[in-house]
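Have a look at the structure below, then the notes.
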Amino acid sequence: MEIKLDLHTHTSFSPHAYSTLMENITVAYEKGLEAIAMTNHGPSTEDFSHEWHFVNFKAIPRKVKDVLVFKGVEATYTDIEGNLDMSNDMLKKMDIVIASCHSAFVCDKTNYVETLVNVMKNPYVDILGHIARRNFTLSDEECDIIAKAAKENYKLVELNSSCFERNKESVHENCKNLMIACKNNKTPIVVNSDAHFCTFVGEFNKPLKLLEEIGFDENLIMNTSLEKFMNYIGKKKNIDI
């Protein structure tokens with residue numbers, strides 16, 4: 001099992017990350033990745049990227065050092081209705097839209113699953129970012145609801161490498177429970193690094209170990225090849241590569 005696209009990375013355009021886009025691309029090239037996505041934060045976070053960052057994506061070549069570059073955003077949901085911190089007019093211009101929670105209030109245990117299901121209704125969302133990265137444990141039933149809703153709404157569930165760097169039992173348990181639910185419901189997923197420094201780009205060993213342990217179907221991992229991902233994402237987006 002091999003991941004060839006890293007679809008969740010950050011650059012130094014956001015103060016909480018430490019490498020440039022070119023440094024991330026260089027590492028992706030050295031590790032044999034076919035593609036990388038730049039997905040800096042939307043405007044509701046303290047380290048948000050200015051709108052000019054997103055409207056000037058045309059300045060970035062589509063391919064650098066034989067690595068395809070997707071230009072996207074990690075948008076944040078701002079309420080339990082699933083509203084995001086970027087307008088739909090902007091979202092529809094992105095190659096990749098990851099929707100993630102960065103607010104303790106919105107990600108409260110009492111409304112988390114409801115919020116996620118509402119987020120999935122947004123037609124411009126492609127990937128549900130680091131669902132497992134919570135201070136509370138998601139039950140088997142809650143994971144099943146999330147996996148079924150993601151499949152029904154044509155969203156990719158992310159297994160995020162950064163979750164395995166956190167020494168929290170709830171996060172590790174959530175990763176396993178959520179992936180088992182995706183396996184049982186045949187819900188497509190992606191494995192991403194969420195790199196905030198270039199050397200972490202393309203680091204997937206720990207999540208892949210988990211997927212192998214539970215016997216996850218490789219056919220459900222949509223970023224094992226560029227062709228596979230484009231066949232999936234191309235059903236709802238017209239990305240010129």
Side-chain angles (χ1 to χ4, degrees), residues 1-8 35 37 39 70 72 74-75 77 82 84 91 95-101 107 109 111-134 136-164 170-194 204 206-237 239:
M1 193 182 301
E2 190 173 13
I3 305 299
K4 301 298 288 185
L5 293 80
D6 195 343
L7 301 171
H8 186 168
T39 52
F70 291 117
E74 183 182 15
Y77 25 102
L84 301 179
L91 292 175
D95 293 334
I96 304 291
V97 175
I98 301 173
S100 302
C101 187
C107 293
K109 168 70 171 174
N111 55 39
Y112 188 53
V113 174
E114 177 187 357
T115 303
L116 270 172
V117 173
N118 288 333
V119 168
M120 295 182 208
K121 297 174 184 177
N122 188 309
Y124 301 112
V125 170
D126 304 305
I127 298 170
L128 303 167
H130 49 66
I131 295 173
R133 202 174 72 186
R134 305 272 63 88
F136 50 81
T137 301
L138 294 166
S139 69
D140 292 346
E141 181 181 2
E142 289 170 326
C143 289
D144 195 57
I145 291 171
I146 293 169
K148 286 179 178 177
K151 183 177 182 180
E152 290 170 0
N153 288 280
Y154 211 75
K155 309 303 180 191
L156 293 165
V157 174
E158 179 186 74
L159 182 57
N160 187 304
S161 290
S162 72
C163 291
F164 294 84
S170 62
V171 175
H172 298 166
E173 188 172 346
N174 285 342
C175 287
K176 184 173 183 178
N177 291 345
L178 186 59
M179 289 302 103
I180 290 174
C182 288
K183 172 188 174 182
N184 293 340
N185 288 283
K186 300 187 185 307
T187 302
I189 71 165
V190 287
V191 181
N192 290 325
S193 72
D194 196 2
F204 310 119
K206 291 180 181 178
L208 287 179
K209 182 179 179 181
L210 169 62
L211 294 175
E212 291 171 359
E213 286 176 354
I214 66 173
F216 198 89
D217 184 358
E218 186 174 344
N219 292 319
L220 294 173
I221 307 173
M222 293 297 111
N223 58 335
T224 55
S225 75
L226 179 60
E227 179 182 11
K228 189 175 184 180
F229 180 72
M230 291 305 298
N231 285 339
Y232 179 88
I233 206 72
K235 293 180 181 179
K236 68 173 185 172
K237 288 195 169 184
I239 302 176

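Remember, it's a predicted structure, so these values are computed and weren't measured experimentally. Count residues from 1 along the sequence.
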Could you check whether [Y] and [X], counting side-chain N and O atoms only, form a donor-acceptor pair closer than 3.5 Å?
X      : Y      : result
Asn160 : Asp194 : yes
Thr187 : Asn185 : no
Glu74  : His8   : yes

Quick check: closest heavy atoms across [X] and [Y], and the distance to 0.1 Å?
X      : Y      : result
Ile96  : Ala37  : CG1-CB, 4.3 Å
Val157 : Ala150 : CG2-CB, 3.7 Å
Cys143 : Ala181 : O-CB, 3.5 Å
Ile221 : Lys228 : O-NZ, 2.8 Å
Glu158 : Gly129 : OE1-CA, 3.4 Å
Phe70  : Ala35  : CE1-CB, 3.8 Å

Task: Sub-4.5 Å side-chain heavy-atom contact between Asn122 and Val97 - done: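 No, their side chains stay 4.5 Å or more apart.
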Task: Glu173 side chain reached by Ser170 side chain, heavy atoms, under 4.5 Å - done: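 Heavy-atom side-chain distance check fails, nothing below 4.5 Å.
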So, does [X] use its side chain to make a donor-acceptor pair with the main chain of [Y] at under 3.5 Å?
X      : Y      : result
Asn174 : Ala132 : yes
Tyr154 : Tyr232 : yes
Asn153 : Lys155 : no
Asp6   : Ser193 : yes
Lys176 : Leu211 : no

Open item on the list: Run Arg134 and Cys107 through side chain to side chain contact (heavy atoms under 4.5 Å, CB included) and show every step you take.
Closed with: CA-CA 8 Å; Arg134 305 272 63 88; Cys107 293; 3.7 Å; yes
Nearest-0.5 Å distance that lies between atom [atom1] in [X] and atom [atom2] in [Y]:
X      : Y      : atom1 : atom2 : result
Leu5   : Thr224 : CG    : OG1   : 8.5 Å
Ile127 : Thr39  : CD1   : OG1   : 8.0 Å
Ser100 : Arg133 : OG    : CZ    : 7.5 Å
Ile214 : Cys175 : CD1   : SG    : 10.0 Å
Glu2   : Glu218 : CD    : CD    : 9.0 Å
Leu159 : Phe216 : CG    : CZ    : 8.5 Å

Task: Presence of salt bridge, Lys109 and Glu142, under 4.0 angstrom - done: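 Lys109 and Glu142: salt-bridged.
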Open item on the list: With a 6.0 Å cut-off (strictly less than), is the heavy-atom count around CD of Glu227, excluding the residue itself, greater than 12?
Closed with: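 It does not: Glu227 CD has 12 such atoms or fewer within range.
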- [ ] Taking atom CD of Glu141 as the centre, report whether more than 12 heavy atoms of other residues, nucleotides or ligands fall under 6.0 Å from it.
- [x]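 Open: at most 12 neighbouring heavy atoms sit under 6.0 Å from CD of Glu141.
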TODO: Take Lys237 and Asp126 through the side chain to side chain contact (heavy atoms under 4.5 Å, CB included) test and state the conclusion after the steps.
DONE: CA-CA 10 Å; Lys237 288 195 169 184; Asp126 304 305; 2.6 Å; yes
TODO: Establish, yes or no, whether a centroid distance under 6.0 Å links the rings of Phe204 and Phe164.
DONE: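 Ring centroids of Phe204 and Phe164 are no less than 6.0 Å from each other.
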- [ ] Would you sort out whether Leu84 and Val125 count as a side chain to side chain contact (heavy atoms under 4.5 Å, CB included), showing the intermediate values?
- [x] CA-CA 10 Å; Leu84 301 179; Val125 170; 3.7 Å; yes
Task: Trace of the side chain to side chain contact (heavy atoms under 4.5 Å, CB included) decision for Ile131 with Leu178 - done: CA-CA 9 Å; Ile131 295 173; Leu178 186 59; 3.8 Å; yes
